[in-house]
Amino acid sequence: MEYNFRQIEKNWQKKWSADETYKVSNDSNRPKFYVLDMFPYPSGAGLHVGHPLGYISSDIYSRYKRLKGFNVLHPMGYDAFGLPAEQYAIEHGIHPAEATDVNIKTFRSQLDNIGFSFDWSRELRTSDPSYYKWTQWIFLRLFNSFFNRSSKKAEGIDTLVTAFEKEGNSSHPMPNAQYPIKTFSAGQWQQFDEVNQQDILMQYRLAYCGFGEVNWCEALGTVLANDEVINGFSERGNHPVVKKKLRQWYLRITEYADRLLEGLEKVDFSEAMKEMQTNWIGKSYGAEIDFKLKDQTELLRVYTTRPDTIFGVDFMVIAPEHELTDAITTPAQRAAVDEYIAYVKSRSERERMAEKKISGVDTGALAINPFSGKEIPVWISEYVLAGYGTGAIMAVPCGDERDFKFARHFNIPVTNIIGDHFNGAEANSTKDAKLTNSDFLNGTPMREASEIVIRHLEIAGSGTRKVNYKMRDAAFSRQRYWGEPFPIKWEKGIAIPLTDKELPLELPYVASYKAGPEGEGPLANIPAWTSLHLETNTMPGYAGSSWYFLRYMDPGNDQEFCSREASDYWNQVDIYIGGTEHAVGHLLYSRMWTKILFDLGHIGYDEPFRKLVNQGMITAVGYYAKILNFRTADGAVRHLFGNDADISSGSEFVVGKELSFVTDRYDQDSDFKRIPYAGKYLDVEHRMTRKAFATYKAEFGAKYRIENEKDFAWVKGDDGDDSDFFTMELVSEKMSKAKYNSINPDDLVEKYGADTFRMYEMFLGPVEQSKPWDTKGIEGVHRFLKKLWRLFFDENKGRIWNEDAATAAELKVLHRTIRKIDDDTERFSFNTAVSNFMICVNELSDLKSHKKEILSPLLVLLSPYAPHISEELWKAIGNEGSVLDASYPVFDAKHVTETSKEYPVSVNGKVRTNISISLSATQAEVEEIVLSADTVKKWLEGKPHKKIIYVKGKMINVVV
RNA sequence: CCGGAUGUGGUGAAAUUGGUAGACACGUCAGACUUAGGAUCUGAUGCCGCGAGGUAUGGGGGUUCGAGUCCCUCCAUCCGGACCA
């Protein structure tokens with residue numbers, strides 16, 4: 001009887017599915033546990049071996065918790081709406097709905113292949129009307145609420161209207177600093193017409209519509225959120241992104257900045273993750289200072305985090321787009337300023353970011369230092385951004401590098417306010433100096449000075465304490481088709497929300513999803529849609545994923561997004577597993593939505609994820625032809641490095657630019673030639689021989705096109721073709737279908753089985769760590785499972801397991817394993833757990849142990865990792881029921897206690913020998929034994945020992 | 001430039017609180033069984049050395065009886081964020 005994993009795995013998968021083994025009830029007297037994976041976007045490429053890493057971890061943990069007596073929720077679904085799906089659809093000429101359907105089928109079959117314990121009866125997809133009905137419903141809650149800054153929580157917009165009617169907006173300051181109306185009284189409110197009133201309310205709503213600079217991506221034909229733009233290019237597709245003013249929907253996430261920061265203290269995320277979110281929110285403390293301008297009535301307001309440096313201000317810089325630029329420019333500087341503004345306008349965002357050239361123009365205006373009365377020139381320069389702070393800065397060159405470079409470039413004199421800390425050659429941003437040249441602050445440590453300055457400013461009325469955030473409100477609309485329609489219609493410029501009864505507002509089926517006539521979404525092309533004045537934008541990808549963890553709790557509910565009973569029972573996600581790439585996007589948005597739903601009383605907690613585990617990325621190995629060895633006409637062997645070597649005339653072969661392996665667009669600019677999946681054809685020195693290359697071509701040639709091989713320079717060795725070779729470079733790179741470097745789990749499951757695959761993925765290393773994929777090592781894990789099998793069955797003899805009583809040695813092995821596996825699993829150390837299984841099976845094999853008493857508990861331990869083989873053997877040795885419902889073995893210390901220990905004995909810190917000593921030995925006894933040992937005597941060389949360090953159960957060290 | 005993480009054999013990696021560095025595997029080498037093996041089993045395998053022994057966790061320094069682990073400093077790689085005032 002041999003280990004026929006294909007048969008075994010298929011059988012059990014069928015059985016588990018038929019028995020609904022993984023169906024989870026909301027009604028249980030066992031404690032709950034919620035394990036969630038970040039659900040995938042079902043791409044056309046399917047899963048590669050990197051994806052299941054997190055899923056396997058969560059699956060092991062879920063099964064482990066189940067054995068430990070918990071009612072475990074472990075669901076899976078699909079993030080099916082969004083840009084990538086639509087791009088894919090356009091590229092392949094298929095409707096996104098169909099493409100998504102096909103892709104999901106592929107995903108599902110790949111997932112099923114690995115034997116996960118997902119409760120598929122709870123599957124959801126964000127593009128399903130029964131799901132996005134509730135996304136729209138939550139959107140309406142956001143639309144109909146505002147952030148009350150006094151209570152620091154979301155409240156219904158009707159409370160705000162009541163307040164306006166009674167007292168204007170005196171208790172609820174206008175959140176939008178750019179809005180023309182800042183304050184109004186109850187009387188004024190009554191007199192505004194409806195459009196006006198609605199417009200004001202729009203400034204308060206948590207989901208609001210406004211005009212704003214957005215990240216416009218021409219190639220994708222849409223607006224992107226800040227986190228979807230990387231260095232001026234789209235995250236998806238790497239297309240250029242420009243700033244553009246458009247009517248957009250936004251989420252007022254800035255109001256939640258503080259709550260999002262505070263919340264980080266009560267969740268178990270990695271420090272790195274918290275740091276990333278904190279940086280993204282970018283809270284800074286400082287002051288807004290109003291500078292009077294000489295001969296002008298306007299005030300120039302700046303934001304600074306360093307009010308303590310107020311006496312070091314040598315010039316002011318305002319953004320070229322600043323609203324005061326025009327008004328304050330003196331006639332003498334007019335021409336230069338106009339010219340500079342024209343220059344700035346001609347430059348793209350990208351150019352401005354890329355180039356570090358110092359540029360700027362003096363406006364001729366003079367600002368007046370509120371304390372010293374010093375007159376300070378006001379410049380414009382593109383290094384100051386209109387969008388941050390007030391779009392103007394007070395420049396302190398001795399303490400700020402950019403300011404210093406600017407001052408030096410334009411010969412502006414620098415005031416030193418930090419004494420010895422400033423060397424005149426570069427700025428020093430220290431906070432540890434005592435101030436100099438600072439009037440009443442002279443001698444004050446900088447850290448104390450900020451407070452003093454702010455107090456003085458507030459008394460003088462020329463400044464206020466101010467907290468600033470880097471984070472902007474999140475753009476929440478896309479000019480695209482494949483997303484949730486907004487449940488909003490427009491009448492006379494007023495956004496009217498649909499009623500809950502009108503939901504879902506279904507996405508109409510269209511044959512073509514090209515952009516609308518004026519850059520709007522494709523929905524603008526549908527007369528039936530526009531005639532109802534419905535909003536033509538759709539929601540972004542992160543809408544559906546911001547609350548999906550709640551839907552799993554109560555997936556079929558058509559009355560509510562999730563019943564309060566269900567969300568109270570399952571509560572927060574206990575373990576959330578996914579990649580770091582969602583650190584700022586998805587995680588911040590879902591945390592915000594959770595807080596809003598909590599504030600409005602729909603759920604009972606305001607953080608969605610109690611603990612977050614970030615799985616590392618599995619990288620691929622890329623193979624590049626690096627060194628080519630070739631023979632020239634004069635017979636010399638030469639080495640050609642990549643394709644950048646210049647081949648002198650007279651060589652036997654024409655090599656160089658013509659030499660190439662054309663495989664994909666990524667190698668166009670590379671110095672090396674990519675040869676996909678070359679791994680198993682290389683020898684230890686990463687050399688590809690001519691013979692191996694011929695085999696390679698036979699297998700992959702048709703698939704990946706290898707061109708111009710005739711120009712390839714093979715080295716002729718003395719012993720024939722075998723010694724012809726070229727050397728390849730191996731590099732780590734991201735797995736992607738386009739790079740022809742991804743590995744499909746299906747292939748590995750087919751060859752080794754799901755259990756082997758699962759354990760091997762875990763065996764690679766710690767879950768959180770990124771690591772390269774190398775298929776070679778999988779054999780070792782497969783051998784382990786076969787070896788396990790042989791504890792039960794012999795190829796020839798059949799059954800060899802028996803029901804004899806276990807020996808002390810066997811029990812010791814078992815209980816050591818129980819302790820290790822339990823501990824490792826609990827702390828997500830799955831790689832060491834796999835090692836410990838191997839050690840256990842090796843030891844049992846050495847003991848020739850085939851006893852059910854030992855093997856049964858072992859199978860329970862193993863079942864989270866390798867469920868199929870565990871279930872098969874569990875049944876084969878005559879156990880009742882499923883191993884999945886067995887109870888977890890309990891560690892008993894009495895089986896592993898030792899009476900003596902083989903101590904490493906060191907002399908002066910170097911281990912010289914091992915001596916077995918009873919664990920109950922006293923210090924004096926140990927000293928006597930150690931000193932009488934021959935080896936120790938030898939190393940002491942007759943010298944007296946100074947002292948003997950004896951750490952019970954650990955080691956002994958003799959100090960001379 | 002700022003922030004975070006990581007540096008251990010040919011490779012993936014262990015070492016939970018400062019206590020025998022390299023567990024467990026891959027690979028390699030040698031051997032056994034076999035018609036054959038890409039099956040299975042046994043042994044060896046950080047480096048130098050015939051050996052005794054020496055030496056070794058990115059480099060340098062420190063604390064300690066004892067450091068991969070703690071402290072200082074420098075270097076390298078990866079990942080984020082970057083004209084953020």
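Letters go in sequence order (proteins before strands), and every chain restarts at 1.
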For atom [atom1] of [X], is the number of surrounding heavy atoms from other residues, nucleotides or ligands below 6.0 Å larger than 12?
X	atom1	answer
A/Glu323	CD	no
A/Lys405	NZ	no
A/Glu401	CD	no

Proximity to the side chain of [X] - top-ranked nucleotide from [options]:
X	options	value
A/Phe763	B/U20, B/C24, B/A15	B/C24
A/Glu275	B/A15, B/G3, B/G19	B/G3
A/Trp280	B/C65, B/A82, B/G3	B/A82
A/Ile839	B/U40, B/A85, B/A23	B/A23
A/Met838	B/C24, B/G19, B/G3	B/C24
A/Pro766	B/A85, B/A13, B/C26	B/A13
A/Ser835	B/G3, B/C24, B/U20	B/C24
A/Lys771	B/G19, B/C41, B/A13	B/A13

Base, sugar-phosphate, or nothing for [X], non-hydrogen atoms under 4.0 angstrom?
X	answer
A/Asn908	nothing
A/Glu779	nothing
A/Ile949	base
A/Arg819	nothing
A/Asp774	nothing
A/Lys910	sugar-phosphate
A/Lys470	base

Nearest-Å distance, [atom1] ([X]) to [atom2] ([N])?
X	N	atom1	atom2	result
A/Asn279	B/G4	CG	P	9 Å
A/Lys776	B/A13	NZ	P	15 Å
A/Asp846	B/C41	CG	P	11 Å
A/Trp773	B/U11	CH2	P	20 Å
A/Lys954	B/A21	NZ	P	13 Å
A/Arg827	B/A14	CZ	P	10 Å
A/Ile289	B/A85	CD1	C1'	11 Å
A/Lys787	B/A39	NZ	C1'	15 Å

Which sits closer to the 5' end of RNA chain B, A/Gln769 or A/Gly777, going by the nucleotide each is nearest to? A/Gln769

Sorted by position of nearest nucleotide on RNA chain B, 5' first, the leading residue of A/Asn842 and A/Glu902 is A/Glu902

Start with the C-alpha distance between A/Arg447 and A/Asp308, add both sets of side-chain angles, then the distance that settles salt bridge (charged side-chain N to carboxylate O under 4.0 Å, His left out), and finish with yes or no. CA-CA 8 Å; A/Arg447 287 179 201 281; A/Asp308 53 321; over 6 Å; no

Under 4.0 Å between a Lys/Arg side-chain N and an Asp/Glu carboxylate O for A/Arg827 and A/Asp823? yes

Any [X] side-chain nitrogen or oxygen under 4.0 Å from OP1 or OP2 of [N]:
X	N	answer
A/Arg783	B/U40	yes
A/Arg912	B/U20	no
A/Lys786	B/U40	yes
A/Asn831	B/A14	yes

Secondary structure of RNA chain B per the Watson-Crick/G-U criterion (both distances under 3.5 Å; [ ] crossing, | other strand, . unpaired) is (((((((..(((......[....)))((((((.......))))))(((....)))..(((((..]....))))))))))))....

Do you see a donor-acceptor pair shorter than 3.5 Å between the side chains of A/Tyr64 and A/Glu826? yes

For A/Asn842 and A/Lys787, test the side chains for any donor-to-acceptor distance below 3.5 angstrom and give the result as yes or no. yes

Grab the two heavy atoms, one from A/His322 and one from A/Thr325, that are nearest each other, plus how far apart they are. O-OG1, 2.9 Å

Between [N] and [M], how far is it from one [atom1] atom to the other, in whole Å?
N	M	atom1	value
B/U63	B/U77	C1'	29 Å
B/U57	B/G7	P	14 Å
B/A23	B/A15	C1'	8 Å
B/G46	B/G22	C1'	8 Å
B/U69	B/G9	P	15 Å
B/G10	B/G49	P	15 Å
B/A85	B/U17	C1'	46 Å
B/C70	B/G18	P	8 Å

Between the base of B/U16 and the side chain of A/Asp823, is there any donor-acceptor pair under 3.5 Å? yes

chi for B/G38 classified (syn = within 90 degrees of 0, anti otherwise) as anti

Apply the test salt bridge (charged side-chain N to carboxylate O under 4.0 Å, His left out) to residues A/Arg465 and A/Glu288: give CA-CA distance (whole Å), side-chain angles for both, the deciding distance (0.1 Å), then the verdict. CA-CA 6 Å; A/Arg465 182 185 310 278; A/Glu288 271 185 359; over 6 Å; no

A/Tyr903 side chain vs A/Gly953 backbone, donor-acceptor pair below 3.5 Å: yes

Kindly indicate whether the side chain of A/Phe269, heavy atoms from C-beta on, has any atom under 4.5 Å from the side chain of A/Gln277. yes

